[in-house]
**Student:** 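Before we start, here is the structure in question, set down as C-alpha cells.
All values below come from the heavy atoms of this structure, side chains included, with hydrogens, waters and symmetry mates left out. On a predicted model such as this, the values are computed, not experimentally measured, just so you know.
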Amino acid sequence: MLQPDTEQAALTAQAAPLAHDLALVATDLRTASQELTELLLQIDNARSLLADLHTELQDAKALVEPGTSQHLLEANAHLVVTALQSQANTEQVTQELTALSRSAELDGLTQLPNRALLHDRFVQAIAHAKRHHNRLGLLFIDLDRFKSINDTLGHAAGDTVLQQTARCMEASIRDVDTVSRYGGDEFVILLTDIADVSDVNLVSDKVAAAIATPMTLGTEQLVISASIGVCVYPDDGLELDDLMLRADAAMYRAKRKKDEDLPPPAPAGDQ
C-alpha cells in the first residue's frame, strides 16, 4: 500500500499531462471563439450589403416602371428625329448657300457668267498667259437690230433669242473659253491659250456663223446677225478695261460697215 505522500506524487504526475491537454483545449476554444466572432461579423456585413443591394434594386425597378420606360423611349425617339431634321436643315442651308453663291456669278436669263465672273476668269487667264507666254483673245459681240425683235415679237421672244444665242456661242468655243453676257444684247467671249492672232479671227467667224443659224420661235424661224469686235492681249492692251474699250470700238466699226438699211429680222422663208 502506497504512503500518502507517494500517492499524492503519483496523482500529481498523472494530472500533469491532463492539465496540459486542458490548457491546449482552452487555447483552441479561445481561437475558435475568436474565429466565430469574426465569422458572425462577416455574416452581419454580408446581410447589410444584401440589404443595400435590395434597396438599390427596388430603386432601379422604380426608375424603369412601364410608364417611365415608355417616356424614355419617346424622348429618345424625339431626339433622333430632331437630330435628323437638324442634319437635313444643315444640308438644305448648304445647298441654298451654294446656289446663292453660284447665282451671284451667273446671268439670270442666260445662265452665262456675268461681268464679275468674267473679270475673275480674265485675271486667272492673264496670269496663265504670262507664265506660258501665250495670248488671250477678246470678242465683243452685239446682236444686230435686237430692239426690233422686242418691238415686233415681244420681250418674251427677245429673251428666247438671247437664251438660244447664248447656247449657240457656247457650242462654238472650247471648254476652256468663257462666254459672258455683258448686258442687254451684248456678249463677251474670252479665248485662252491663243498662239496666233489669226486664231481669234477664225473663232470670230465661227461664232458669227453660229449666231446666224436659224432659230425657231413658236411656228416661225428667225435669222439674226451680230457685229463682233476683236482684240488680243497683250498686243492691244494689258488690262481688261483697256481691252474691253478696244473690242467695243472694233465692234462699232464692224456695225457701221454693215448696211444701215438692213431690214429687221424676218422669218427664214422670206429671205
**Student:** Can you check whether Asp107's main-chain N or O pairs, donor with acceptor, with Arg181's side chain at less than 3.5 Å?
**Tutor:** no
**Student:** Just by distance, do the side chain of Lys258 and the backbone of Ala226 share a donor-acceptor pair under 3.5 Å?
**Tutor:** yes
**Student:** Under 3.5 Å, side chain of Ser227 to main-chain N/O of Ala254, donor-acceptor pair present?
**Tutor:** no
**Student:** Yes or no on side chain to side chain contact (heavy atoms under 4.5 Å, CB included) for Tyr233 and Lys130, after CA distance, side-chain angles and deciding distance?
**Tutor:** CA-CA 10 Å; Tyr233 166 92; Lys130 288 180 178 179; 3.3 Å; yes
**Student:** From the options His132, Arg135, His128, select the one residue that forms a side chain to side chain donor-acceptor pair (under 3.5 Å) with Asp193.
**Tutor:** His128
**Student:** Any donor and acceptor pair, going by atom type alone, linking the side chain of Arg115 with main-chain N or O of Tyr182 inside 3.5 Å?
**Tutor:** yes
**Student:** Are side-chain heavy atoms of Met244 and Val188 found at a separation under 4.5 Å?
**Tutor:** yes
**Student:** Please evaluate residues Val179 and Ile173 with respect to the criterion side chain to side chain contact (heavy atoms under 4.5 Å, CB included), reporting the C-alpha separation (whole Å), side-chain torsions for both, the decisive distance (0.1 Å), and the verdict.
**Tutor:** CA-CA 8 Å; Val179 182; Ile173 63 172; 3.1 Å; yes
**Student:** Rounded to the nearest 0.5 Å, what separates atom CG in Asn45 from atom CG in Leu41?
**Tutor:** 4.5 Å
**Student:** For the CD atom of Glu239 and the CZ atom of Phe122, what is their distance to the nearest 0.5 Å?
**Tutor:** 7.0 Å
**Student:** At their closest point, which heavy atom of Ala247 faces which heavy atom of Cys231, and how far apart are they?
**Tutor:** CB-SG, 3.8 Å
**Student:** Is there a donor-acceptor pair closer than 3.5 Å between any side-chain N or O of Ser148 and the backbone N or O of Arg145?
**Tutor:** yes
**Student:** Going from CG on Leu162 to CG on Leu143, what distance comes out if it is rounded to the nearest 0.5 angstrom?
**Tutor:** 6.5 Å
**Student:** Val232 vs Leu136, test: side chain to side chain contact (heavy atoms under 4.5 Å, CB included). Steps then yes/no.
**Tutor:** CA-CA 6 Å; Val232 177; Leu136 302 178; over 6 Å; no
**Student:** Please examine the side chains of Leu112 and Ser180, heavy atoms only from C-beta on, and report whether any two atoms are closer than 4.5 Å.
**Tutor:** no
**Student:** Can Leu238 be reached from Ile126 by stepping across I, L, V, M, F, W or Y side chains whose heavy atoms are under 4.5 Å apart?
**Tutor:** yes
**Student:** So, taking the atom named CD1 in Ile189 and the one named CG in Leu139, what distance separates them when rounded to the nearest 0.5 Å?
**Tutor:** 5.0 Å
**Student:** Apply the test salt bridge (Lys or Arg N to Asp or Glu O under 4.0 Å) to residues Asp151 and Lys147: give CA-CA distance (whole Å), side-chain angles for both, the deciding distance (0.1 Å), then the verdict.
**Tutor:** CA-CA 6 Å; Asp151 292 343; Lys147 184 177 181 300; 2.8 Å; yes
**Student:** Under a 4.5 Å side-chain heavy-atom rule over Ile, Leu, Val, Met, Phe, Trp and Tyr, are Val207 and Val197 clustered together?
**Tutor:** yes
**Student:** Please say yes or no: joined through hydrophobic side-chain contacts below 4.5 Å, possibly via intermediate residues, are Met169 and Leu202 part of one cluster?
**Tutor:** no
**Student:** For Leu243 and Asp236, work out which heavy atoms get closest and say how close.
**Tutor:** CD2-C, 3.8 Å
**Student:** Where do Pro113 and Thr178 come nearest, in terms of heavy atoms and distance?
**Tutor:** CG-CG2, 3.9 Å
**Student:** Working note: Leu240 + Leu138, criterion side chain to side chain contact (heavy atoms under 4.5 Å, CB included); need CA distance, chi angles, decisive distance, verdict.
**Tutor:** CA-CA 9 Å; Leu240 177 60; Leu138 205 64; 4.3 Å; yes
**Student:** Is a side-chain N or O of Asn114 found less than 3.5 angstrom from the main chain of Leu117, in a donor-acceptor match?
**Tutor:** yes
**Student:** Which atom names give the shortest non-hydrogen contact between Thr110 and Ala166, and what distance separates them?
**Tutor:** CB-CB, 4.0 Å
**Student:** Using a 3.5 Å distance criterion without hydrogens, assess whether the side chain of Gln163 forms a donor-acceptor pair with backbone atoms of Leu109.
**Tutor:** yes
**Student:** Are Leu191 and Val176 grouped together when hydrophobic residues (ILVMFWY) are joined by side-chain heavy atoms under 4.5 angstrom apart?
**Tutor:** no
**Student:** Suppose we call two aromatic rings close when their centres sit under 6.0 Å apart. Are Phe140 and Phe187 close by that rule?
**Tutor:** no
**Student:** Any side-chain to backbone donor/acceptor pair from Arg174 onto Thr192? Under 3.5 Å, distance only.
**Tutor:** yes
**Student:** Report yes or no: does Arg121 contribute a side-chain atom to a donor-acceptor pair with the main-chain N or O of Leu190 at less than 3.5 Å?
**Tutor:** no
**Student:** Output every pair passing side-chain hydrogen bond (donor to acceptor under 3.5 Å, both in side chains) with a member in residues 194-204, not counting sequence neighbours, ordered by first then second residue.
**Tutor:** Asp196-Ser198
**Student:** Does Arg47 have more than 12 heavy atoms from other residues, nucleotides or ligands lying within 6.0 Å of its CZ?
**Tutor:** no
**Student:** Looking at CZ of Arg246 and CE of Met251, how far apart are the two atoms once the value is rounded to the nearest 0.5 Å?
**Tutor:** 16.0 Å
**Student:** With rounding to the nearest 0.5 Å, note down the distance linking CD1 in Ile149 to CG in Leu217.
**Tutor:** 8.0 Å
**Student:** Treating Ile, Leu, Val, Met, Phe, Trp and Tyr as nodes and any side-chain heavy-atom pair under 4.5 angstrom as an edge, say whether Val203 and Leu118 lie in one connected cluster.
**Tutor:** no
